[in-house]
Number of protein chains: 2
Amino acid sequence: MTEAPARRDEILAVAAELFARKGIKATTVREIADAVGVLSGSLYHHFPSKDEMAREILLRFLTAIRDRYTDVLARGEGPARALRALVAASLQLSREQPDATAMYQNELRYLRETPGFADVQEAAAEVQRAWLRVIEQGVADGAFRHDVAPRVFHRLIRDAVWLSGRGHWPDGDDAPGQLADAITTVFLDGFAAPVAGQPT
Amino acid sequence: MTEAPARRDEILAVAAELFARKGIKATTVREIADAVGVLSGSLYHHFPSKDEMAREILLRFLTAIRDRYTDVLARGEGPARALRALVAASLQLSREQPDATAMYQNELRYLRETPGFADVQEAAAEVQRAWLRVIEQGVADGAFRHDVAPRVFHRLIRDAVWLSGRGHWPDGDDAPGQLADAITTVFLDGFAAPVAGQPT
DNA sequence: GTCTATATTGAGATAGAC
DNA sequence: GTCTATCTCAATATAGAC
């Protein structure tokens, strides 16, 4: 059992909130220190740099996604059910870690251009492969349409899922469960009104 | 006829490319000046600040969208056709102005938090209303489903459309026309394989 | 319209006392 | 583990000559 220094985690939580709201680059270490209640120099006792804080937040987040996706794939469900499960797992996580989710969505460019984020990128790539595997299998066995490229569909649904953590969604009482339903409904069945006799 | 100072436009084009690639905040005025081929101080003869360059780029872009959306709505087509037309117009514009498109997608937060961008935000709001009008009308007259909130659907399709300008899309020969088809297909008809007898 | 030179501020990071 | 004090550098922006 590794020790989990409460102070470190506290700083990361505060930093994540600021990074998510203002962006990593626009957030100053002084702002983080103020929010934590210490002076800026003190942060450097816990972390070597601001970027290292961001890296750690994102790596934890991506590791959590990867683990949950692995669980989903291990169940061996059919493509449609597996896709719904990926959506549900993602939205669940974005509810648990809204700040890290927003960072993941908003700071892709920062990630790519900051040296030393290679491990974060590798985790992101593995997450992406989970989606593609499910989608391609669905196309292969006839559950999904073949006239939309899997990689295109992947981008569409991935962005829809992770953007849920971005900004404010209409209606405060639009619970995440309902959002998951909306996303799976739209992406699988389409927004056009169902014709009579068509399966839901 | 207002004069269009070529030098100004040239600077804006160079700046847009950098803003789109690295972000507004991460782009320095020296980088812009280097790319243009002048020294940084010279830029201030044309623009009062870096933010003003970004504001002007985005305002032009949003004005262009608004005009095209107005044209689409003026045609008075049915909801499904109008929605396809909005998608097509957006993707067309994102092809013509890829840098501004990327900025619009990536710098929403910067826009909101930079004082003096009120006019840009107002134009963005009007653009949003065009989508909502079409979607709500479609729900009202039965063309679209009623079990997904219009504002939720709006966010999903809006993000899908504008994200097309972000990053690289799979397959270099995936022409924008095909992407428009893919988006309208997925969002209207869904990704699930069509059942026999269902209209395309 | 561009250059040279520089003012000014803001931010990341460090050293060493407590 | 935090504070005080400060270094250093980078970046926006300005003033005035050419």
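Side chains included, hydrogens not; waters and symmetry mates left out as well; all remaining heavy atoms used.
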For DNA chain C, find the residues of residues 12-23 of chain B with a heavy-atom distance under 4.0 Å and give them by number; none if there aren't any.
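Those residues whose heavy atoms fall under 4.0 Å from DNA chain C, taken from residues 12-23 of chain B, amount to none.
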Taking the six-membered ring for Trp, are A:Phe153 and B:Phe191 parallel (under 30°), tilted (30 to 60°) or perpendicular (over 60°)?
parallel
Residues 128-135 of chain A side chain polar contacts: donor-acceptor under 3.5 Å, at least two apart:
| unit_1 | atom_1 | unit_2 | atom_2 | d |
| --- | --- | --- | --- | --- |
| A:Arg129 | NH2 | A:Glu122 | OE2 | 3.4 |
| A:Trp131 | NE1 | A:Tyr69 | OH | 3.2 |

Do the non-hydrogen side-chain atoms of B:Ser90 and B:Val87 ever get within less than 4.5 Å of each other?
no
So, do A:Ile183 and A:Leu179 sit near enough that their side-chain heavy atoms are less than 4.5 Å apart?
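They are in side-chain contact.
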[X]: what forms a salt bridge (charged side-chain N to carboxylate O under 4.0 Å, His left out) with it, not counting sequence neighbours?
X: B:Asp147; result: B:Arg145
X: B:Asp119; result: B:Arg55
X: A:Arg109; result: B:Glu107

Within residues 29-42 of chain B, residues whose heavy atoms come under 4.0 Å of DNA chain D
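Going residue by residue through residues 29-42 of chain B, the ones with a heavy atom under 4.0 Å of DNA chain D turn out to be B:Val29, B:Arg30, B:Gly41.
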Interface residues of residues 43-53 of chain A with DNA chain D (non-hydrogen, below 4.0 angstrom)
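Residues of residues 43-53 of chain A that come under 4.0 Å of DNA chain D are, in numerical order, A:His45, A:His46.
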Applying side-chain contact (heavy atoms from CB on, under 4.5 Å), name anything that partners B:Ala143, two or more places apart in sequence or on another chain.
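For B:Ala143 the side-chain contact (heavy atoms from CB on, under 4.5 Å) partners, ignoring immediate neighbours, are B:Pro79, B:Asp141.
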Got a sec, which residues hit side-chain contact (heavy atoms from CB on, under 4.5 Å) with B:Ala88, two or more places apart in sequence or on another chain?
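side-chain contact (heavy atoms from CB on, under 4.5 Å) check on B:Ala88 returns nothing, list empty.
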Please tabulate, for the side chains in residues 4-25 of chain A, all donor-acceptor contacts under 3.5 angstrom to protein atoms that are two or more places apart in sequence or on a different chain.
| unit_1 | atom_1 | unit_2 | atom_2 | d |
| --- | --- | --- | --- | --- |
| A:Arg7 | NH1 | A:Glu10 | OE1 | 2.9 |
| A:Arg7 | NH1 | A:Glu10 | OE2 | 3.1 |
| A:Arg8 | NH1 | A:His46 | O | 3.0 |
| A:Arg8 | NH2 | A:Glu56 | OE1 | 2.5 |
| A:Arg8 | NH2 | A:Glu56 | OE2 | 2.7 |
| A:Asp9 | OD1 | A:Arg60 | NH1 | 3.4 |
| A:Asp9 | OD1 | A:Arg60 | NH2 | 3.2 |
| A:Glu17 | OE1 | A:Arg21 | NH2 | 3.2 |
| A:Glu17 | OE2 | A:Arg21 | NE | 3.0 |
| A:Lys22 | NZ | A:Glu31 | OE2 | 2.6 |

Are B:Arg155 and B:Asp159 close enough for a salt bridge, meaning some N to O gap below 4.0 Å?
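Answer for the salt bridge query: yes.
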Would you be so kind as to tabulate the donor-acceptor pairs closer than 3.5 Å made by side chains of residues 61-68 of chain A, with sequence neighbours excluded?
| unit_1 | atom_1 | unit_2 | atom_2 | d |
| --- | --- | --- | --- | --- |
| A:Thr63 | OG1 | A:Leu59 | O | 2.7 |
| A:Arg68 | NH1 | A:Glu96 | OE1 | 3.4 |
| A:Arg68 | NH1 | A:Glu96 | OE2 | 3.3 |
| A:Arg68 | NH2 | A:Glu96 | OE1 | 2.6 |

DNA chain C: first to last nucleotide in contact with chain B (atom under 4.0 angstrom from a heavy atom), 5' to 3', is C:dG1 to C:dT4
